[in-house]
Amino acid sequence: MPNTPNSRRKAFEALLAQPGPLVLPGAYDALSARLVEKAGYRATYLGSFAAAASAFGLPDVGLLTLNEIAEEARRVVDAVDVPVLADAENGFYDVANIWRAVKVFEDAGVAGVHIEDNLGGKHTSAPLGLLPAGKMAQKVRAAVDARTDPDFLVIARSDAAWVEHDLEGCVRRLEAYAAAGADLVFAPAIPAAELKRVRDRIPVPVMVAGDLLDVPGSDEPSSTIAEYGDAGADIVLLWYTVIGAASKNVTAVLDALRGGEDVAGVKHFVTEQHAFEATMGYAEYEQRSARYAVPSGQEAGA
């Protein structure tokens, strides 16, 4: 069966139907997406945080355009065979124009996108705010109406649990977004214990963030993947872990070399070259090269 955007979307739906939470490591570029796939994960993700940092060296403060994020998502899609979810920020446009964002991401080949009710200021001390729930629900409805592939997932994200420290308000928003047609909902800052208490009120699959990070404004410790699974989470997204690991290990190597360490001393941090080349497809290139090689003595033609 051809590996088309629709077949990948159907494959993602099949993954959701399996028991236990789907662990979804976030890639930060095409190479890291290949590493996620090579490690055996059945799907991956590209978020605006990782795309802004890896492609532009910028913070995730709303600087990227629709086309910039979608183009990074397209590169990830083209690099792997597994389904890819993507971050569509707040949809980029108002409710009447959100169709264009849906079209661009559908054309990029992703399995689906999440759209958020956060008005900006994430990852900073800037004042935070949320789009009114009714307006966000209409955005969700417009996004659902705009898709041309019914298997393209529209995921509604609410940040009410950490922007307003309001679990009940967050659940009401998730209920409203599901009623507006969202296929999944995403509540990144609900700890597992609280999700378990409210999970039966949410009528669609739920995605949570499982990275070991401090939740802004909360004293709750990070929940484990197993705890989220027990609480009824359908997807545990690791949006930061992969790019965080890359940053830490590259920094460790550079610091060691600058401190006088020889290359041999950092070997344990570095992927062996031939193993790296295997990930990049050099063997497939050699096979194609051999297939189309002109037999010896026939280079000049007939």
Side-chain angles (χ1 to χ4, degrees), residues 3 8 15 20-60 64 68-69 71-87 110 123 209-214 221-229 235-293:
N3 191 359
R8 293 201 209 190
L15 291 174
L22 172 65
V23 178
L24 191 64
Y28 55 86
D29 61 4
L31 169 59
S32 59
R34 283 199 170 189
L35 296 176
V36 170
E37 182 179 41
K38 184 174 183 289
Y41 292 93
R42 305 291 297 279
T44 189
Y45 165 84
L46 180 72
S48 62
F49 183 99
S54 64
F56 300 95
L58 291 172
D60 182 23
L64 269 59
E68 286 171 337
I69 294 182
E71 186 56 35
E72 290 303 306
R74 185 189 300 276
R75 291 190 180 103
V76 169
V77 168
D78 288 346
V80 295
D81 292 325
V82 297
V84 179
L85 289 187
D87 180 355
V110 300
H123 316 296
D211 297 274
L212 294 175
L213 302 170
D214 292 329
S222 298
S223 302
T224 66
I225 292 171
E227 287 169 342
Y228 272 126
I235 302 174
V236 179
L237 174 64
L238 306 178
W239 61 271
Y240 177 74
T241 297
V242 175
I243 192 170
S247 174
K248 182 172 183 176
N249 282 277
V250 170
T251 299
V253 168
L254 294 174
D255 285 348
L257 293 173
R258 192 166 183 271
E261 185 70 71
D262 190 79
V263 172
V266 298
K267 184 177 181 180
H268 61 291
F269 283 113
V270 179
T271 302
E272 193 272 329
Q273 179 185 338
H274 294 297
F276 184 88
E277 290 172 350
T279 300
M280 301 312 299
Y282 283 86
E284 289 83 353
Y285 167 79
E286 291 174 355
Q287 291 168 4
R288 289 193 302 271
S289 180
R291 179 179 179 182
Y292 300 115

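None of the values given here were measured: they were computed from a predicted structure.
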Non-hydrogen atoms of Ala52 and Pro59 that approach each other most closely
CB-O, 3.9 Å
From OG (Ser32) to CG (Leu46), nearest 0.5 Å
8.0 Å
With side chains defined as the heavy atoms from C-beta onward, is the minimum distance between Arg8 and Val80 less than 4.5 Å?
yes
Verify, without hydrogens or angle tests, whether Thr44 (side chain) and Pro25 (backbone) share a donor-acceptor contact under 3.5 angstrom.
yes
What's the separation between atom CD in Glu277 and atom OH in Tyr285, rounded to the nearest 0.5 Å?
13.0 Å
When you measure from the side chain of Asp262 to the backbone of Gly265, do you find a donor-acceptor pair of N or O atoms at a distance under 3.5 Å?
no
Min side-chain heavy-atom separation Leu35-Thr279 under 4.5 Å:
yes
CZ-CG distance between Phe269 and Leu257, expressed to the nearest 0.5 angstrom:
10.5 Å
For the residue pair Glu261 and Val253, establish whether any side-chain heavy-atom pair is separated by less than 4.5 Å.
no
Kindly check if the number of other-residue, nucleotide or ligand heavy atoms within 6.0 Å of CZ (Phe56) is above 12?
yes
Minimum heavy-atom separation for Tyr28 and Ser54, please, with both atom names.
O-OG, 2.5 Å
Heavy-atom closest pair, residues Pro21 and Ile225:
CG-O, 4.3 Å
Note, Leu238 side chain near Tyr45 side chain (heavy atom, < 4.5 Å):
no
So, for Val266 and Ala256, which heavy atoms are closest and what is the spacing to 0.1 Å?
CG1-CB, 3.6 Å
With rounding to the nearest 0.5 Å, note down the distance linking CG in Asp87 to CG in Asp60.
7.0 Å
Using every non-hydrogen atom in the two residues, find where Ile69 and Ser48 come nearest and quote the distance to one decimal.
CD1-CB, 4.0 Å
Between Ser247 (side chain only) and Gly244 (backbone N and O only), is there a donor and an acceptor less than 3.5 Å apart?
no
Glu37 and Arg34 ion-paired at < 4.0 Å:
no
Output for pair (Tyr41 OH, Leu15 CG), nearest 0.5 Å, gives 13.5 Å
What distance do Asp211 atom CG and Ile243 atom CD1 have between them, rounded to the nearest 0.5 Å?
11.5 Å
